[in-house]
Number of protein chains: 2
Amino acid sequence: MKKISEMESIRECSSNYILAVNDTINVIHGKWKAAIISSLLFGKKRYGELQKEIPKITPRMLSKELRDLEANGMVVRTVHDTIPVTVEYELTQSGYAFQHVLDVMLEWGLEHRKRIIGSTK
Amino acid sequence: MKKISEMESIRECSSNYILAVNDTINVIHGKWKAAIISSLLFGKKRYGELQKEIPKITPRMLSKELRDLEANGMVVRTVHDTIPVTVEYELTQSGYAFQHVLDVMLEWGLEHRKRIIGSTK
DNA sequence: CGGCATCCTTATAGATACTG
DNA sequence: CAGTATCTATAAGGATGCCG
């Protein structure tokens, strides 16, 4: 388990720890990116499919967020020159690996909610 | 392992999955919260200590973020009526449990950075 | 010591209409 | 189909000064 010792040594220098964690946070900052990534975890999708599957997202936000995710190496965009053109978005290896982060977030969120509810009743 | 099946059943209804993940994201949104939580993982701290340990945070942002974290059940604020007053901030159980989330974020961030560097050289 | 009040700038996001 | 363009509203964040 090399990763653990690597993490520990980084935590000793806590400013680097924060920088690395913020890298991850910045990749999914904003209101829509987690939803986009989650949708793409089920497989590659076209722009219009994403728009249908993500309630209330505007085309402006969808294309902006997709550009961000592409720039950060989370998704790849493929244009097929059919008529009319079709565009497919697919997660990169990092994008698929991000599922583990989302799962841990989900698990913590559920536990947290249980504790909050338990403490207020 | 009850948690896994619980997670799977939630992922089947993907909008709930997103809502729960966004709960977690909202708890640490912004520029400073991860740094504050990380600092408090080493033990309870006073306001002034946090300000010293978190480079460049202004008092306005520190107190705002601490209030947010307190409202979200992440930290508890304790006022000791010494003269002058001293105030201590400590993580709740959820706050300490959040270390696991941060560690997974760190691990993913390091792997992602390796892949990005590897793909550009 | 541990903040708050005020003012200001920038970032983020929504609505709507339009296009190659 | 897969987006842009434009405009507007709100939120986030910084600078500075003051207070119990």
Side-chain angles (χ1 to χ4, degrees), chain A residues 18-19 21-40 43-72 74-91, chain B residues 18-19 21-40 43-72 74-91:
Chain A
I18 292 302
L19 288 177
V21 169
N22 272 340
D23 275 359
T24 305
I25 292 176
N26 288 336
V27 165
I28 51 159
H29 73 186
K31 195 173 166 179
W32 301 107
K33 294 201 183 71
I36 294 171
I37 294 167
S38 298
S39 181
L40 289 174
K44 57 172 69 166
K45 297 269 170 70
R46 290 167 57 182
Y47 181 90
E49 294 180 287
L50 287 170
Q51 204 175 354
K52 261 173 269 171
E53 288 186 15
I54 301 171
K56 309 218 174 198
I57 195 169
T58 61
R60 188 179 102 86
M61 289 311 294
L62 181 55
S63 70
K64 180 191 169 292
E65 300 292 62
L66 284 169
R67 271 194 308 264
D68 284 0
L69 289 170
E70 194 186 1
N72 282 319
M74 293 291 285
V75 307
V76 285
R77 176 179 185 270
T78 312
V79 181
H80 303 279
D81 58 348
T82 50
I83 298 174
V85 295
T86 57
V87 182
E88 280 188 327
Y89 293 91
E90 186 175 20
L91 293 176
Chain B
I18 292 300
L19 287 177
V21 169
N22 273 341
D23 275 359
T24 305
I25 292 176
N26 288 336
V27 166
I28 51 159
H29 73 185
K31 196 174 169 180
W32 301 107
K33 293 201 183 72
I36 295 171
I37 294 167
S38 299
S39 181
L40 289 175
K44 56 173 69 167
K45 297 269 170 67
R46 289 168 57 184
Y47 182 90
E49 295 180 285
L50 287 169
Q51 204 175 354
K52 262 174 267 172
E53 288 184 17
I54 301 170
K56 309 220 174 197
I57 195 169
T58 61
R60 188 178 100 86
M61 288 312 294
L62 181 54
S63 70
K64 179 189 170 294
E65 300 293 62
L66 283 169
R67 264 182 278 128
D68 283 1
L69 289 170
E70 195 188 0
N72 281 320
M74 293 291 284
V75 307
V76 285
R77 178 179 184 269
T78 312
V79 182
H80 304 277
D81 58 348
T82 51
I83 298 175
V85 295
T86 57
V87 182
E88 280 187 329
Y89 293 91
E90 185 174 19
L91 293 176

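Just so it is clear: chains get the letters A, B, ... in the order the sequence lines come, proteins before strands, and each one is counted from 1. What you see below is based on every heavy atom in this structure, not just the backbone, and it leaves out hydrogens, waters and symmetry mates.
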Interatomic distance where [atom1] belongs to [X] and [atom2] belongs to [N] [whole Å]:
X: A:I36; N: D:dG3; atom1: CD1; atom2: P; value: 12 Å
X: A:L66; N: D:dA2; atom1: CG; atom2: C1'; value: 11 Å
X: A:E49; N: D:dC1; atom1: CD; atom2: P; value: 11 Å
X: B:L62; N: D:dA15; atom1: CG; atom2: C1'; value: 16 Å
X: B:Y47; N: D:dG20; atom1: OH; atom2: P; value: 17 Å

What is the 5' to 3' range of DNA chain C, first to last nucleotide, that sits under 4.0 Å from any heavy atom of chain B?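 Counting from the 5' end, contacts occupy C:dC1 to C:dT6.
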
In Å, rounded to the nearest 0.5 Å, how long is the span from [atom1] of [X] to [atom2] of [Y]?
X: B:E65; Y: B:M74; atom1: CD; atom2: CE; value: 12.0 Å
X: A:K31; Y: A:I54; atom1: NZ; atom2: CD1; value: 12.5 Å
X: B:I36; Y: B:K45; atom1: CD1; atom2: NZ; value: 11.5 Å
X: A:I28; Y: A:N72; atom1: CD1; atom2: CG; value: 11.0 Å

Testing the basics here: between A:M61 and A:I57, what is the closest heavy-atom pair and its distance to 0.1 Å?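 For A:M61 and A:I57, the tightest heavy-atom pair comes out as CB-CG1, 3.9 Å.
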
Given 3.5 Å as the limit, does a donor-acceptor pair link the side chain of B:Y47 with the main chain of B:L62, or not?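 No: the side chain of B:Y47 does not pair with the backbone of B:L62.
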
Give a yes or no answer on whether the side chain of B:S38 reaches the backbone of B:A34 with a donor-acceptor pair at less than 3.5 Å.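 At least one qualifying donor-acceptor pair exists.
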
State, to the nearest 10°, the angle formed by the axis through the first five base pairs of the helix from C:dC1-D:dG20 to C:dG20-D:dC1 and the axis through its last five.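 Helix axis angle between the two ends: 60°.
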
Polar-atom pairs under 3.5 Å, protein N or O versus N or O of nucleotides 7-13 of chain D: list them with distances, or write none.
{"unit_1": "D:dG13", "atom_1": "OP1", "unit_2": "B:K31", "atom_2": "N", "d": "3.0"}
{"unit_1": "D:dG13", "atom_1": "N7", "unit_2": "B:R60", "atom_2": "NH2", "d": "2.5"}

Would you indicate, yes or no, if D:dT4 has its OP1 or OP2 atom less than 4.0 angstrom from a side-chain nitrogen or oxygen of A:S63?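 Result: yes.
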
Is there a side-chain contact between A:Y89 and the phosphate of D:dG3, meaning an N or O under 4.0 Å from OP1 or OP2?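 Indeed, a polar side-chain atom of A:Y89 lies that close.
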
Compare all side-chain heavy atoms of [X] with those of [Y] and state whether any distance is below 4.5 angstrom.
X: B:V27; Y: B:D23; value: no
X: A:K64; Y: A:D68; value: yes
X: A:K33; Y: A:L69; value: yes
X: B:V75; Y: B:I37; value: no

Using heavy-atom distances to pick each residue's nearest nucleotide on DNA chain D, tell me which of B:V85 and A:R67 is more 5'.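 Looking at the nearest nucleotide for each, A:R67 comes out on the 5' side.
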
